[in-house]
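Right, one structure below, let's go through it.
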Amino acid sequence: MSGKVVAVVGATGAVGREMIRTLERRNFPVKQIRFFASSRSAGQHLKFNGDDVVVEELTEKAFDNQGIEIALFSAGGDTSKQFSPIVAKAGAVVIDNSSAWRMNPEVPLVVPEVNPEDVKFHKGIIANPNCSTIQMVVALKPLHDYSRVLRIIVSTYQSVSGAGQRGIDELWDQTKNIINGKPIVSAKFPKQIAFNVIPQIDVFLENHFTKEEMKMVNETRKIMHDEHIATTATCVRVPVLRGHSESVYIETEKKISRDKALELFSKAPGIVLMDDPSTGKYPVPTESADQFDTYVGRVREDLNIENGLNFWCVSDNLLKGAASNAVQIAEIL
Ligand code: A2P
């Protein structure tokens with residue numbers, strides 16, 4: 001039987017489950033599949049292509065002499081820091097969804113529509129970028145190829161699934177409790193998320209930006225091979241289950257008209273253009289849910305800055321923002 005021996009680490013999590021579904025949906029050539037998680041869920045069964053597969057505990061010896069060729073990791077930064085080098089040493093290529101390795105110069109940070117060639121310099125670990133960064137650079141790539149992007153000001157509207165299964169559960173629980181007049185608990189998010197928005201994702205840093213915001217600044221430069229792209233990000237959690245949205249303002253070296261931008265977006269891989277104000281056509285997260293693409297709309301030339309352009313983009317954070325980007329990297333391998 002041809003195909004690869006593939007492991008999903010963090011298989012029981014929100015992204016891990018989507019990795020499994022994406023392997024199925026994209027008909028990834030799998031000879032054998034293995035699922036790993038913590039001891040908490042070892043022994044559970046998950047389906048792959050209709051078959052029951054048992055979840056195994058991730059241990060330091062779990063990959064020894066197993067012939068595992070590709071390991072899709074989505075089990076958090078600490079787990080990745082501890083286990084990725086061990087798994088790579090055992091012979092698998094790790095494609096890691098956490099932030100643990102992203103800014104390591106020895107580790108490629110890859111979005112297949114933008115910098116697929118970087119996969120080549122891997123030494124056993126390839127990093128999947130931050131979900132908000134992925135959809136933004138997919139949208140920026142055709143513009144940047146036409147006229148260099150110099151400045152980006154982005155505000156994000158990020159769904160609770162970006163915080164994993166516990167984020168999803170917290171939105172449901174708070175919503176039900178508020179409707180039933182019961183007290184709510186905020187554990188995963190710093191404030192109430194139901195019927196609210198929170199301008200804080202991850203911890204604050206010394207410069208008063210959050211870690212999530214600085215990921216967008218630094219990862220964009222690395223993926224687009226341009227140390228000079230000047231990004232300012234404000235990352236906001238919103239009570240949406242699935243799908244991140246972004247309001248993006250850019251300044252480019254030469255002017256990009258609305259018509260030119262529409263033409264560039266419509267031809268770019270991984271982008272679906274939904275932009276027609278006359279019919280109210282623009283993308284929203286419920287329309288991008290369960291899709292692999294990045295949706296772009298609300299394209300406007302800036303009113304004040306000659307080379308300024310505004311647009312809106314939406315993508316499924318669990319898929320293009322995580323699982324399907326990782327599987328696309330595996331497809332390149
Ligand atoms: P488990 O279900 O056993 O806790 P999410 O991002 O949705 O919270 O999912 C995190 C994923 O990472 C889950 O599959 C979780 O497994 C897994 N995980 C967390 N800690 C570890 C660990 N120390 N070793 C292996 N898997 C882990």
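All ligand and atom numbering here is 1-based and tracks the order in the structure. Basis for what follows: all heavy atoms, side chains included, without hydrogens, waters or symmetry-related copies. On a predicted model such as this, the values are computed, not experimentally measured, just so you know.
The hydrophobic cluster around Ile168 extends to Val160, Leu171, Trp172, Phe189, Ile193, Ile198, Leu241, counting ILVMFWY residues whose side-chain heavy atoms fall within less than 4.5 Å of a member. Think of Phe195 as one node in a network of Ile, Leu, Val, Met, Phe, Trp and Tyr side chains linked at under 4.5 Å; its network also takes in Ile178, Ile184.
Closest of all the heavy-atom pairs between Pro183 and Asn177 is O-ND2, 3.4 Å. Contact record, Tyr146 with Ile256: CD2-CG1, 3.9 Å, taken as the closest heavy-atom pair.
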Pairs of nitrogen or oxygen atoms, one from ligand 1 and one from the protein, closer than 3.5 Å: please tabulate them with distances.
residue	atom	partner	partner atom	Å
ligand 1	2 (O)	Thr12	OG1	2.6
ligand 1	2 (O)	Ser41	OG	3.1
ligand 1	3 (O)	Ser38	N	3.1
ligand 1	3 (O)	Ser38	OG	2.5
ligand 1	3 (O)	Ser41	OG	2.4
ligand 1	4 (O)	Arg40	NE	3.0
ligand 1	4 (O)	Arg40	NH2	2.9
ligand 1	7 (O)	Ala14	N	2.9
ligand 1	7 (O)	Gln165	N	3.0
ligand 1	14 (O)	Gly10	O	3.2
ligand 1	14 (O)	Thr12	N	3.3
ligand 1	14 (O)	Thr12	OG1	2.6
ligand 1	14 (O)	Gly13	N	3.0
ligand 1	16 (O)	Thr12	OG1	3.3
ligand 1	26 (N)	Ser38	N	3.2

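More than 12 non-hydrogen atoms from other residues, nucleotides or ligands lie less than 6.0 angstrom from CG of Asp52.
The salt bridge (charged side-chain N to carboxylate O under 4.0 Å, His left out) search around Asp169 returns none, not counting sequence neighbours.
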